[in-house]
Amino acid sequence: MRKFSNRFINVFYLPLVVISLFGAVSFLLDQLYVLQAKSILIIDIFLIIIGTCYLIKWGKIRVAIDLIVKRLGSKNIKRGLVVLILIWQLVMILSISGFSTWDPGIIILQATGQKQWVPDYFSYNQNTLPLMFFEHLVWRLIGSPSYKVLTIVLNIINMILVDTSVYLLLKHEKQRLNKKTLNYISICICLLMLVTPWICLPYSDPLSFAFTIFVYLGLKSLNERYSLLKAIIVGTLIAVNYFIKPSTVIILIAYIIVSFVFTISSKKLIINLLKKLTIIFATMFVLISGFNLYKSHNSIVKIDNSKALNLVHFADMGIQGTGGYYLPDVDHDIKIKNPKERLKSDKEIWLKRFNKMGPFKYQAFLVRKQVANTEDSSFHWGKEGEFINSFSRSQYSLPRKLFLDNDGIARKYQETFAIVIQLCWIILLANLVFAFQNSDYDSQLFKYSIVGFFTFLLIFESGRSRYLIQFLPLIILLSGIGYENLKPKEKV
């Protein structure tokens, strides 16, 4: 049954990953076509260094590197790198943090008791309420400062949570992975998340990255040894991640499917699994019910539940254009006051758009959307409204030169840096392909989660690779398994 389960998920997993890989390569070619002279010079210097190393022979350089590592000590080098990363992150936060004229800006203004520009925003978009309540709590705890100070504090919280989650993940994975694979995973996490500016955005993306790791580690710990307290903690972590990004509940769904398959295959008592799930669901139910009760009686913002946008509304946006945010759909739903009439109209819109495409054009649309959802390793940094308008006006910090334009607004990564990150992303996606044969518990958990997330993004509003951040840790871990398949087995 395990092998059948793996073959079943591979039917969906492999095409999706291959489409993403082709899309990422195409995106890299587009980046190369528009390179400026300065960026080409930097790449030329880099290629000359690589060519020189090749001519000298890599073996001799490797010996010299090993000698340096031996004298300095590998632990000291690792500690030094960690310190450099932490300093870099703090410099990024101080030089990049700013105001966003899209969802993060609306949330932070409401959290600090200021007027924001979208009436009834939180009635329509109730999934953003938990983040706003959290930001309001932090704002109160630190003495109700300006929204600028709160932004920097929230970004420092992002940094602490992301770094802590990565540390715990690498510490856990060190027990089961060989050194080269662990280094590969560390490099991917570092290049795609730790040294990039996503911790400078006070929004759900960096938080969901951290809590996806916490949930994964919690589920792994629960599998290794059950206890009531562990099950409650895991249920709490899943609920918190659900509050941050509701779609992250897909991890729990994948866990249930894979756990049932492996429990039945190994002829273990299914009652043990049901006991875990009962505690997890009970914990989630209590927390979500408590939140809904608080939401209805909070004193921060008035909520009208009749205005809440339904799931079909987001499916409507997910079946037009590139599947991204579509203002006419929002305006259409706001005009319809009755929730039942709104839902009926949204269903009609979806069916009309689907029938206009037909099944075959819809498949072609999904291919294009999968590419749009996964092609960009910068996760479409700067592609939402005025993404970040930095508070700092200093022109001399390196993070600003890499991640902001001259006017202090985030629009895209610096060209050379973007190409380096894109190459990393292509290698990561390629290694996902090599993981398709693995049918162990972790591999299937990652596959079911990833396919679930991909499917969710194909059906609902997305069209941006920013939505990948919430399950990026799982993608990197599965890519590590694929990378390990390319290497001879080593003793851990």
Side-chain angles (χ1 to χ4, degrees), residues 42 45-46 49-50 53 58 60-97 155-201 206 209-210 212-214 216-217 377-379 381 397-403 413-414 416-428 431 469 472-473 475-477 479-480 483-484 487 490 492:
I42 295 171
I45 293 170
F46 182 69
I49 292 170
I50 293 176
C53 291
W58 172 245
K60 293 181 180 179
I61 296 171
R62 181 65 185 270
V63 170
I65 292 172
D66 288 343
L67 184 62
I68 293 170
V69 171
K70 189 175 180 180
R71 288 184 177 179
L72 294 176
S74 60
K75 286 187 177 179
N76 290 331
I77 292 173
K78 287 177 182 177
R79 287 168 186 158
L81 288 173
V82 168
V83 171
L84 287 175
I85 289 171
L86 292 174
I87 293 171
W88 173 257
Q89 289 176 332
L90 287 171
V91 173
M92 280 198 300
I93 288 170
L94 294 174
S95 56
I96 293 177
S97 295
N155 289 340
I156 290 172
I157 292 173
N158 283 344
M159 171 185 162
I160 292 169
L161 288 173
V162 168
D163 291 349
T164 302
S165 67
V166 170
Y167 169 76
L168 293 175
L169 177 67
L170 295 178
K171 185 179 179 182
H172 176 270
E173 295 302 297
K174 188 178 181 180
Q175 300 170 13
R176 71 178 188 90
L177 298 175
N178 64 47
K179 188 177 178 181
K180 286 185 177 179
T181 305
L182 191 67
N183 288 339
Y184 167 80
I185 289 172
S186 301
I187 291 169
C188 288
I189 292 175
C190 187
L191 288 177
L192 293 172
M193 197 67 190
L194 297 187
V195 301
T196 63
W198 282 98
I199 60 167
C200 302
L201 182 71
F209 176 92
T212 290
I213 293 176
F214 293 144
Y216 164 69
L217 294 176
S377 60
S378 78
F379 307 119
W381 171 257
S397 71
L398 182 58
R400 286 180 65 88
K401 294 182 182 298
L402 290 178
F403 307 123
Y413 286 2
Q414 192 274 339
T416 310
F417 184 84
I419 287 173
V420 172
I421 302 300
Q422 190 69 16
L423 285 170
C424 172
W425 182 239
I426 290 169
I427 292 169
L428 187 151
N431 282 323
I469 294 174
L472 180 61
I475 295 175
I476 293 173
L477 287 170
S479 179
Y483 173 81
E484 199 164 42
K487 298 289 182 180
E490 297 179 10
V492 180

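Below, each value reflects all heavy atoms present in this structure, side chains not excepted, and no hydrogens, waters or symmetry copies.
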- Check step by step if side chain to side chain contact (heavy atoms under 4.5 Å, CB included) holds for Q89 and D163. CA-CA 10 Å; Q89 289 176 332; D163 291 349; 2.5 Å; yes

- Any luck finding a side-chain donor-acceptor pair between S479 and Y184 under 3.5 Å?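 Yes, Y184 and S479 have a side-chain donor paired with an acceptor closer than 3.5 Å.
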
- Query: Do N183 and S186 have side-chain atoms, one donor and one acceptor, less than 3.5 Å apart?
  - Reply: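 No, no side-chain donor-acceptor contact under 3.5 Å.
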
Considering all heavy atoms of both residues, which atom of [X] and which atom of [Y] are nearest to each other, and what is their separation?
| X | Y | value |
| --- | --- | --- |
| I469 | F209 | O-CD1, 3.7 Å |
| L428 | L192 | CD1-CD1, 3.7 Å |
| L201 | N158 | O-ND2, 3.0 Å |
| L191 | T196 | O-CG2, 3.0 Å |
| M92 | L194 | CE-O, 3.9 Å |
| L472 | F379 | CD2-CZ, 3.7 Å |

Please report the interatomic distance [atom1]([X]) to [atom2]([Y]), rounded to the nearest 0.5 Å.
| X | Y | atom1 | atom2 | answer |
| --- | --- | --- | --- | --- |
| I85 | L90 | CD1 | CG | 12.0 Å |
| K171 | L217 | NZ | CG | 11.0 Å |
| M193 | I476 | CE | CD1 | 9.0 Å |
| C188 | I475 | SG | CD1 | 11.0 Å |
| K401 | S95 | NZ | OG | 11.5 Å |
| L182 | R176 | CG | CZ | 10.0 Å |

Ignoring hydrogens and geometry, is there a side-chain-to-backbone donor-acceptor pair from [X] to [Y] under 3.5 Å?
| X | Y | result |
| --- | --- | --- |
| W198 | S378 | yes |
| S97 | L94 | no |
| S165 | V162 | yes |
| Q422 | S377 | yes |
| W381 | F403 | yes |
| N431 | G480 | no |

- Item | side chain to side chain contact (heavy atoms under 4.5 Å, CB included) evaluation trace for L168 with I213 | CA-CA 8 Å; L168 293 175; I213 293 176; 5.6 Å; no

- Are I189 and L169 close enough, and set up right, to give a side chain to side chain contact (heavy atoms under 4.5 Å, CB included), and what steps lead you there? CA-CA 11 Å; I189 292 175; L169 177 67; 4.0 Å; yes

- Message: Less than 4.5 Å apart, side chain to side chain, heavy atoms only: is that true for T416 and I42?
- Response: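 Touching, per the 4.5 Å side-chain cut-off.
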
- Task: For the residue pair L477 and Y216, establish whether any side-chain heavy-atom pair is separated by less than 4.5 Å.
- Result: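 Touching, per the 4.5 Å side-chain cut-off.
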
